[in-house]
Amino acid sequence: MRAKLDELVTAALQRGAAVPAFTCYDFTTATAVVEAAEETGLPVILNVAPKTAATRAGQRLITALRGLADGAAVPVCVQLDHASDLAVIVESVRSGADCVLADGSALGFEENIALVREVWAAMDADGGPSGRGSAAVVLEAELGGLAGDEDKAFAAGDPGHAGQEAAGLTDPAQVRDFVERSGAQLLAVAIGNVHGKYKGAPQIRWDVLERISAETDVPLVLHGASGIPADELLKARTLGVGKVNFNTELRTGILATLEAETTPHRADGENLQGLLGRWNATAREFAAATLRTLGD
Ligand code: 13P
């Protein structure tokens, strides 16, 4: 069923829970994630990566995810992740995304605020299929820079790679002003988290998160959750982190399953249906376990 991201995450925080968001590059994974949410009775967020959304097929995927979310027995949001291209943002909302990470984190402080405000203005100017303009959309923004690639993950020891180290922490002193002036309804923070695989153990800066959380009432978002131990995700939850983003761990699991299962399923009469069933099971089990960890 349809839900507003800010309300969903705020309600989760009020009952001591957080909501996971899973990047879905395809419908098989998204279906598995929604099934896991229904199985656990918990809300979930389907994230679409900006490189996916920049293609015609990606826009059709967003429309398909819209239908999947609306038909689900639990609240499901469809979010365009890490977007800075206004045209792609407007098109994605028209296609069915109900929330967007307006990501100006690579810009300066004022330019970042200006980008989020530009997205609000574009939403107002474009009523979209709902005709409700910005009222139909929830905006997350990001302050501080997150190192790493959103779509590829390399570990220390992979040829030419050293694993990902944190960069550009969120400055707590900027948080209040940023949220007020940008109108962001959720705030993604950089507190030692990275996209992809961590170099060594993640070093979360709890002192920074505590100071950020004292500066704002909007729910905080932790990107780069793959590789962060569950007890640390639960600790983050007590400091205002109500949305937690996963991509790498889900991808790793699916690719390992495809690697192990493709040959036996080819031998079993070119059994694509069976292979997709294994793909579904892998994604569903990971999503259900994560939902239970964060939602209980
Ligand atoms: P990971 O790939 O590190 O899990 O990060 C996912 C993410 O933050 C998507 O926005």
Side-chain angles (χ1 to χ4, degrees), residues 5 9 18-26 29-30 33 44-54 58 61-62 65 77-84 88-89 92 97 99-106 138-156 158 161-170 184 186-204 209 219-230 232-233 236 241-256 282-283 286-287 289-291 293-294:
L5 180 69
V9 174
V19 186
F22 300 99
T23 302
C24 298
Y25 294 96
D26 63 277
T29 304
V33 168
V44 78
I45 301 147
L46 305 175
N47 265 349
V48 177
K51 280 186 193 149
T52 304
L61 177 67
I62 292 173
L65 299 194
C77 293
V78 179
Q79 178 166 31
L80 171 63
D81 204 13
H82 291 292
S84 52
V88 172
I89 292 172
S92 299
C99 39
V100 175
L101 165 51
D103 186 358
S105 61
V138 174
L139 292 190
E140 174 182 333
E142 181 168 319
L143 186 61
L146 218 63
D149 190 312
E150 291 145 33
D151 304 300
K152 292 183 185 175
F154 300 99
D158 286 343
H161 295 280
Q164 204 57 62
E165 281 182 286
L169 295 177
T170 304
L186 297 98
L187 182 69
V189 293
I191 51 168
N193 46 326
V194 303
H195 285 127
K197 296 183 180 169
Y198 286 81
K199 182 178 181 190
Q203 304 293 329
I204 299 299
L209 180 56
L220 305 177
V221 182
L222 186 65
H223 285 247
S226 298
I228 300 181
E232 298 197 8
L233 298 179
V241 171
K243 172 174 176 261
V244 184
N245 282 19
F246 296 85
N247 182 349
T248 302
E249 278 178 352
L250 180 58
R251 285 199 329 263
T252 303
I254 292 168
L255 288 170
T282 300
F286 174 72
T290 308
L291 279 154
T293 299
L294 293 175

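Order of appearance sets the numbers: ligands from 1, and atoms from 1 within every ligand. Values reported hereafter were calculated over all heavy atoms of this structure, with side chains retained and with hydrogens, waters and symmetry mates removed.
Looking at residues two or more places apart in sequence or on another chain, you find no side chain to side chain donor-acceptor pair (under 3.5 Å) involving S84. Partners of A83 by side-chain contact (heavy atoms from CB on, under 4.5 Å), not counting sequence neighbours, listed by chain and number: L80, I89, V100. With sequence neighbours excluded, the residues forming a side-chain contact (heavy atoms from CB on, under 4.5 Å) with D151 are Y25, A49, K51, D149, listed by chain and number.
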How far apart are the C-alpha atoms of V44 and F22, what are their side-chain angles, what is the distance that settles it, and do they pass the side-chain contact (heavy atoms from CB on, under 4.5 Å) test?
CA-CA 8 Å; V44 78; F22 300 99; 3.7 Å; yes
side-chain contact (heavy atoms from CB on, under 4.5 Å) between L209 and L222: does it pass, once the steps are laid out?
CA-CA 10 Å; L209 180 56; L222 186 65; over 6 Å; no
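For ligand 1, the 4.0 Å heavy-atom shell contains residues D81, H82, V194, H195, G196, H223, G224, A225, S226, N245, F246, N247, T248.
A donor-acceptor pair shorter than 3.5 Å cannot be found between the side chains of H223 and N193.
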